[in-house]
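To start, the structure under review is shown below, and the notes come after it.
This is a predicted model, so every value here is computed, not measured. Order of the sequence lines fixes the chain letters, A, B, ..., with proteins taken first and strands second; residue numbering starts at 1 for each chain.
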Number of protein chains: 2
Amino acid sequence: MKLHGYYRSTASWRVRIALNLKGLKTHHLTHHLRKGEQHAPDYLSCNPQGLVPTLELDDGTMLTQSLAIIEWLDETHPAQPLLPSDPLARAKVRSFAQVIACDTHPVQNLKVLARLRQLGLPEETVTAWAAWANTEGLGACEKLIAHEHGPFCFGATPTIADLCLIPQLFNARRFGVDVSAFPRLLETEAATKDIKAFADATPDQQHDAE
Amino acid sequence: MKLHGYYRSTASWRVRIALNLKGLKTHHLTHHLRKGEQHAPDYLSCNPQGLVPTLELDDGTMLTQSLAIIEWLDETHPAQPLLPSDPLARAKVRSFAQVIACDTHPVQNLKVLARLRQLGLPEETVTAWAAWANTEGLGACEKLIAHEHGPFCFGATPTIADLCLIPQLFNARRFGVDVSAFPRLLETEAATKDIKAFADATPDQQHDAE
């Protein structure tokens, strides 16, 4: 398998953690988002959105969208499950992940921020927009797991929720959000620090890091 | 079960189709989004994002995020499945759904458009933003299923992909997008017209329609 990604793409980062937790080795191909390499015709034929990540299977099949890729990995490599087995618990994990993957990250990604700049908005307004999206999303996440046992978002083992949370906290800090307002989320982040699968997936550990 | 929603909320609409396809009766509670009723403290205790839909189970459990709700419905009521059984086919259906639910709808929802207005952008710029998000998202969707058999997005029966597509086409038209650029998506839409589960879920058929 090959993972088309970018070191600082938080959606790619989610998939990197999943691959590491599953013990799967992949070849990593980088597409430099700030240079627009994701819009190259060759890549658009793999991923018509021009976004990363894309997981290229050995038979050439292209899987897009980080959560769809992660659920595929979980269904085809069931050891170290990333979702609980109970449907209600699965729904809560997926809901948390979607607060980030649907309502937070896409509202503050490179493409949207570039569009805001094209409208002539000053840089401080663009940064404030990204901070707002992160504050709203992570604030809801904090409440969603307030009564869940830790140390991870949902109990004793990492789930898709943690895979979405860790990269998003990185983004929130990048945009100046005071993450101390989210103590339960920080407790989870601390629990992931000593896990090699999480540590090896951070942007600074990637071969294309700048 | 009770569905907290709003007639014109496309995320609520997705869940309405799922409930209808599964033959599940629910009590529908409306939260008038344009009057800000989703921000009432009572509702925020159900859904900390202040978004619709929320599915309230008979024991008082609150499920949020439309795709998480729909997957829970599919897992607990397996007749008339909304996902294929093969993992690779499931990944493709989920990816299509997430192009809409992650990268299209949240970039043009009420909350984001209100924020653009707060920044002082004129109404035509706000509408152009919403049209852009729909054009980008649906354009990618058209390509993702170009080689899939119809009449639905992925074959002979509706899936989560169709549940996301039909409401999004409504939004695209609302914002003036020329949807004739998406013939494969329109073919799917046409196939859903005669299905009562889809027809009964449209905004104009809801008790809170204005």
Side-chain angles (χ1 to χ4, degrees), chain A residues 11 44-45 47-51 55 57 59 61-76 86-88 90-107 109 111-112 115-116 119-121 125 128-129 132-133 136-137 139-144 146, chain B residues 11 44-45 47-51 55 57 59 61-76 86-88 90-107 109 111-112 115-116 119-121 125 128-129 132-133 136-137 139-144 146:
Chain A
L44 286 175
S45 70
N47 183 322
Q49 288 191 280
L51 294 175
L55 188 67
L57 307 188
D59 69 356
T61 300
M62 301 289 177
L63 295 186
T64 64
Q65 285 288 336
S66 64
L67 292 187
I69 292 170
I70 293 167
E71 292 234 16
W72 178 83
L73 286 169
D74 206 38
E75 292 178 357
T76 53
D86 171 62
L88 195 60
R90 292 162 73 81
K92 289 182 178 178
V93 169
R94 285 192 178 117
S95 174
F96 181 102
Q98 288 164 17
V99 170
I100 293 174
C102 298
D103 289 321
T104 309
H105 174 250
V107 181
N109 69 7
K111 190 172 174 173
V112 163
R115 189 92 185 170
L116 290 171
L119 294 177
L121 294 169
T125 304
W129 173 287
W132 161 72
E136 293 264 312
C141 286
E142 176 79 10
K143 287 178 185 150
L144 284 174
Chain B
L44 286 175
S45 70
N47 182 322
Q49 288 191 280
L51 295 175
L55 188 67
L57 308 188
D59 69 356
T61 300
M62 302 289 178
L63 296 186
T64 63
Q65 285 288 336
S66 63
L67 291 187
I69 292 169
I70 293 167
E71 292 234 16
W72 178 83
L73 286 169
D74 206 39
E75 291 178 357
T76 53
D86 170 63
L88 194 60
R90 292 162 74 82
K92 289 182 178 178
V93 169
R94 285 192 178 116
S95 174
F96 181 102
Q98 289 164 17
V99 170
I100 292 174
C102 298
D103 290 320
T104 308
H105 174 249
V107 181
N109 69 6
K111 190 172 176 174
V112 163
R115 187 92 184 169
L116 290 171
L119 294 178
L121 294 169
T125 304
W129 173 287
W132 161 71
E136 293 264 312
C141 286
E142 176 79 11
K143 287 178 185 150
L144 284 173

Inset, instruction - Please report the shortest heavy-atom distance between B/Ala91 and A/Leu63, naming the atom on each side. - result: CB-CD2, 4.0 Å

Inset, instruction - Taking the side chain as every heavy atom from C-beta outward, state whether B/Leu119 and A/Leu119 have any pair of such atoms under 4.5 Å apart. - result: no

Legend entry - Most chain B-contacting option - heavy-atom pairs closer than 4.5 Å, from A/Thr125, A/Val99, A/Val93: A/Val99

Legend entry - Gap between atom SG of B/Cys102 and atom NE2 of A/His105 - 0.5 Å precision: 10.0 Å

Legend entry - Under 4.5 Å from a heavy atom of chain B, the part of A/Thr61 involved: side chain

Inset, instruction - Please round to the nearest 0.5 Å and tell me the distance separating atom CG of B/Leu144 and atom CG of A/Asn47. - result: 8.0 Å

Legend entry - Structural part of A/Leu57 lying under 4.5 Å from a heavy atom of chain B: side chain

Inset, instruction - Measure across A/Gln65 and B/Asp103 and return the closest heavy-atom pair with its distance rounded to 0.1 Å. - result: NE2-OD2, 2.8 Å

Legend entry - 4.5 Å side-chain heavy-atom contact, B/Glu71 and A/Arg94: yes

Legend entry - A/Arg115 to B/Trp132 six-membered ring, cation-pi geometry met (6.0 Å, 45°): yes

Legend entry - Contact check, side chains of B/Val112 and A/Val112, non-hydrogen atoms, under 4.5 Å: no

Inset, instruction - Answer whether the closest heavy-atom distance between the side chains of A/Thr76 and B/Leu88 falls below 4.5 Å. - result: no

Inset, instruction - Measure across A/Pro87 and B/Trp72 and return the closest heavy-atom pair with its distance rounded to 0.1 Å. - result: O-CD1, 3.4 Å

Legend entry - Under 3.5 Å donor-acceptor, A/Ser95 side chain and B/Ala68 backbone: no

Inset, instruction - Heavy-atom distances under 4.5 Å only: say whether B/Leu44 touches chain A with side chain, backbone, both or neither. - result: neither

Inset, instruction - Please flag which part of A/Leu67 lies under 4.5 Å from any non-hydrogen atom of chain B: side chain, backbone, both or neither. - result: both

Legend entry - Proximal component of A/Thr64, with respect to chain B [non-hydrogen, under 4.5 Å]: both

Legend entry - Which residues share a salt bridge (charged side-chain N to carboxylate O under 4.0 Å, His left out) with B/Lys111, sequence neighbours left out: A/Glu136

Inset, instruction - Output yes when A/Glu75 and B/Arg90 qualify as a salt bridge under the 4.0 Å nitrogen-oxygen rule, no when they do not. - result: yes

Inset, instruction - Using non-hydrogen atoms and a 4.5 Å limit, figure out which bit of A/Ile69 sits close to chain B: side chain, backbone, both or neither. - result: neither

Inset, instruction - Please name all residues satisfying side-chain hydrogen bond (donor to acceptor under 3.5 Å, both in side chains) with A/Asp86, sequence neighbours left out, ordered by chain then number. - result: none

